[in-house]
Amino acid sequence: MATPDLLIVGSGLFGLTIAERAATQHGAKVTIIDRRDHIGGNAYSERDPETGIEIHKYGAHLFHTSNERVWEYVNRFTTFTDYVHKVYTTHDGVVYPMPINLGTINQFFSAAYTPDEARAVIAEQAGELAGQDPENLNDKGISLIGRPLYEAFIKNYTGKQWQTDPKDLPASIISRLPVRYTYDNRYFNDTYEGLPTDGYTAWLEKMADHENIEVQLSTDYFDESQPLNKAAVRGRIPVVYTGPVDRYFDYAHGDLKWRTIDLETERLDSTGDFQGTSVMNYADAEVPFTRIIEPRHFHPERDYPGDRTIIQREFSRFAERDDEPYYPVNSTEDRETLLAYRAMADAEPRTIFGGRLGTYQYLDMHMAIGAALSVADNKLADLLAS
Ligand code: FDA
């Protein structure tokens, strides 16, 4: 096997973007390795073999961006549907629109408040803890939107996400809780949104579809039985590493903490429409899952079977070392640990750390692509010449 000009560890959107830029702009021969048996990282999706419904294997992925450059770039590989994301939540047996908006408020208080009246009501309720510095997430939530709305829609949902009573969570987890004083319940505020017309995997495969790009799946960078492993490659060829930064350095400064989710997927033969929408949150403590996703609603334009559907119940928990790391916990301790790893990464020969795992940050897809385009602009030529 010929030695590539650039090795990319991880075929997620960060790695794919760098690979595509290196091959197209620099004519570099690129090998991408991924320890999973498929391309695309967490954005990967697959069709359910029985119903044909597209399932987002690692949780619901909705594309949205206001970044013109990213939008132009992704449209080179796929078109997007006109799907507009909306979320609802079930609380105490009633369904409300999210994020909290005038519709939610009027339904919850059985009122017909105008925007100004609703603002005044929420301001008065949020004043309950006026003059106090919120010491925990619970107090912070009350001081932002008042106790009634906080306790109905935020408290138990957040408690389930963190498996922790919000009274024991730091106030810093939330800086604001958006409340809209209109009836607009579009989930994202971005200029562009939609879902890839032919699915995520077709998009992701198109990015890697270049004669200079080779993809090797089921190949772990730390597996010394495969030729392109860290011990063999380090310092010898340029590398873009998008796996977990703490793993790269053998956890020398300890583990960075993550939350993960478990998805319980069920195929229903009894109905063609379980909940009438793609995402239903469950705000109450008695329901153990945080939300139910019904993927058929991501593509109303497709000819899916009318008598069957698929649902995914989503459970949130802290990740162990062998779990998929999804959301950085980002505690004060984690941030200190990250600084120590960053110093090590800066000293690493011919290796760039990128993507959500390599930088320990939550990145939406457009952010991962945008960050990769910046790295391609500013660092790739030097890396390839190194
Ligand atoms: P990603 O994690 O995708 O890719 C990293 C790759 O590296 C993986 O394929 C992994 O297998 C591989 N790897 C790791 N270690 C390796 C090793 N040792 N050897 C070889 N390969 C290795 N974004 C958005 O815009 N809208 C949304 O709705 C959502 N929804 C969402 C839900 C959930 C549950 C999560 C966790 C995330 C989202 N996202 C999202 C974020 C989105 O998934 C994210 O932006 C991209 O995955 C980032 O791509 P990366 O390439 O950085 O990482």
Side-chain angles (χ1 to χ4, degrees), residues 1-35 39-41 43 67 69-70 72-74 76-77 204 206-217 219-224 226-250 252 256 338-361 363 365-386:
M1 185 187 59
T3 308
D5 301 325
L6 175 66
L7 174 67
I8 297 187
V9 182
S11 66
L13 277 164
F14 191 94
L16 285 174
T17 303
I18 300 277
E20 188 279 332
R21 292 289 75 200
T24 308
Q25 277 195 315
H26 299 274
K29 298 253 184 249
V30 182
T31 297
I32 307 176
I33 59 169
D34 202 297
R35 66 180 175 187
I39 197 172
N67 182 322
R69 184 179 185 205
V70 168
E72 185 280 318
Y73 181 71
V74 296
R76 295 180 196 179
F77 311 103
L204 301 160
K206 185 96 184 283
M207 291 181 78
D209 183 16
H210 189 287
E211 58 183 1
N212 284 2
I213 300 178
E214 185 191 330
V215 181
Q216 294 177 16
L217 300 174
T219 306
D220 192 316
Y221 193 43
F222 304 109
D223 174 4
E224 295 192 6
Q226 66 87 9
L228 291 170
N229 68 77
K230 179 185 166 193
V233 158
R234 182 170 176 264
R236 297 201 177 90
I237 55 172
V239 175
V240 172
Y241 174 82
T242 73
V245 62
D246 52 358
R247 169 69 186 93
Y248 186 93
F249 294 110
D250 289 323
L256 289 163
L338 178 62
L339 287 180
Y341 284 125
R342 270 201 198 141
M344 291 178 88
D346 287 344
E348 195 60 13
R350 302 177 89 182
T351 302
I352 288 179
F353 290 74
R356 57 183 203 98
L357 301 168
T359 59
Y360 188 65
Q361 311 177 56
L363 297 174
M365 291 181 279
H366 68 282
M367 296 158 84
I369 297 164
L373 289 173
S374 295
V375 167
D377 288 347
N378 302 321
K379 296 187 181 166
L380 194 52
D382 287 348
L383 180 70
L384 289 168
S386 67

What are the two closest non-hydrogen atoms of [X] and [Y], and how far apart are they?
X: Leu384; Y: Ala28; value: CD2-CB, 4.0 Å
X: Ile39; Y: Ala208; value: CD1-CB, 3.8 Å
X: Pro238; Y: Ser386; value: CG-OG, 4.2 Å

If you round to the nearest 0.5 Å, how far is [atom2] of [Y] from [atom1] of [X]?
X: Lys29; Y: Leu6; atom1: NZ; atom2: CG; answer: 13.0 Å
X: Arg76; Y: Met207; atom1: CZ; atom2: CE; answer: 10.0 Å
X: Asn378; Y: Ile352; atom1: CG; atom2: CD1; answer: 10.0 Å
X: Leu357; Y: Tyr248; atom1: CG; atom2: OH; answer: 15.0 Å
X: Leu363; Y: Ile369; atom1: CG; atom2: CD1; answer: 10.5 Å
X: Asp223; Y: Lys230; atom1: CG; atom2: NZ; answer: 14.0 Å

(message) By the ring-ring contact (aromatic ring centres under 6.0 Å, His included) test, which pairs, at least two apart or in different chains, include something from residues 366-386?
(response) His64-His366
(request) Please identify each residue that fulfils salt bridge (charged side-chain N to carboxylate O under 4.0 Å, His left out) with Arg350, with sequence neighbours left out. (result) none
(message) Under the rule for salt bridge (charged side-chain N to carboxylate O under 4.0 Å, His left out), what residues qualify as partners of Arg236, not counting sequence neighbours?
(response) none
Do [X] and [Y] have side-chain heavy atoms sitting under 4.5 Å apart?
X: Val9; Y: Val240; answer: no
X: Met344; Y: Arg342; answer: no
X: Leu204; Y: Phe77; answer: no
X: Leu380; Y: Val375; answer: no
X: Val30; Y: Ile18; answer: no
X: Leu256; Y: Val245; answer: yes
X: Val215; Y: Asp34; answer: no
X: Ser11; Y: Ile33; answer: no

(message) Could you work out, with ring pair (Phe, Tyr, Trp, His ring centres under 6.0 Å) as the rule, every residue matching Tyr341, not counting sequence neighbours?
(response) His253
(request) Could you pull out all residues at least two apart from His26 that satisfy ring pair (Phe, Tyr, Trp, His ring centres under 6.0 Å)? (result) none
(request) With sequence neighbours left out, write down each residue that passes side-chain contact (heavy atoms from CB on, under 4.5 Å) with Ala347, or none if nothing qualifies. (result) none
(request) Report the residues that fulfil side-chain contact (heavy atoms from CB on, under 4.5 Å) with Ala345, sequence neighbours left out, ordered by chain and then residue number. (result)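 Partners of Ala345 under the side-chain contact (heavy atoms from CB on, under 4.5 Å) test: Phe249, Phe353.
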(request) Starting from the C-alpha separation in whole Å, work towards a yes-or-no answer on side-chain contact (heavy atoms from CB on, under 4.5 Å) for Ile8 and Phe14. (result) CA-CA 10 Å; Ile8 297 187; Phe14 191 94; over 6 Å; no
Does [X] have any side chain to side chain donor-acceptor pair (under 3.5 Å) partners at least two apart in sequence or in another chain, and if so, which?
X: Thr351; answer: none
X: Tyr241; answer: none
X: Asp250; answer: Arg247

(request) Could you walk me through whether Thr31 and Gln216 pass the side-chain contact (heavy atoms from CB on, under 4.5 Å) test, one step at a time? (result) CA-CA 7 Å; Thr31 297; Gln216 294 177 16; 3.9 Å; yes
(message) Run the side-chain contact (heavy atoms from CB on, under 4.5 Å) test on Asn229 and Phe222 for me, step by step, so that the C-alpha distance in whole Å, both residues' side-chain angles and the decisive distance to 0.1 Å come before the verdict.
(response) CA-CA 6 Å; Asn229 68 77; Phe222 304 109; over 6 Å; no
Got a donor-acceptor contact below 3.5 angstrom from the [X] side chain to the [Y] backbone?
X: Asn212; Y: Gly27; value: yes
X: Gln226; Y: Leu228; value: yes
X: Ser374; Y: Ala372; value: no

(message) Between Leu7 and Val233, does the side-chain contact (heavy atoms from CB on, under 4.5 Å) criterion hold? Intermediate values first, please.
(response) CA-CA 9 Å; Leu7 174 67; Val233 158; 4.0 Å; yes
(request) Mind jotting down which residue pairs meet the salt bridge (Lys or Arg N to Asp or Glu O under 4.0 Å) criterion with at least one end in residues 365-379? Sequence neighbours excluded, please. (result)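 Every salt bridge (Lys or Arg N to Asp or Glu O under 4.0 Å) pair that includes a residue of residues 365-379, provided the two are not neighbours, is Arg69-Asp377.
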(request) Sort and list the pairs that fulfil salt bridge (Lys or Arg N to Asp or Glu O under 4.0 Å) and have at least one residue in residues 4-26, not counting sequence neighbours. (result)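 Matches after skipping sequence neighbours: none remain.
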(message) I'd like to know whether Arg234 forms a salt bridge (charged side-chain N to carboxylate O under 4.0 Å, His left out) with Glu348, so could you lay out the CA-CA distance, the side-chain angles of the two residues, the decisive distance to 0.1 Å, and finally the verdict.
(response) CA-CA 9 Å; Arg234 182 170 176 264; Glu348 195 60 13; 2.3 Å; yes
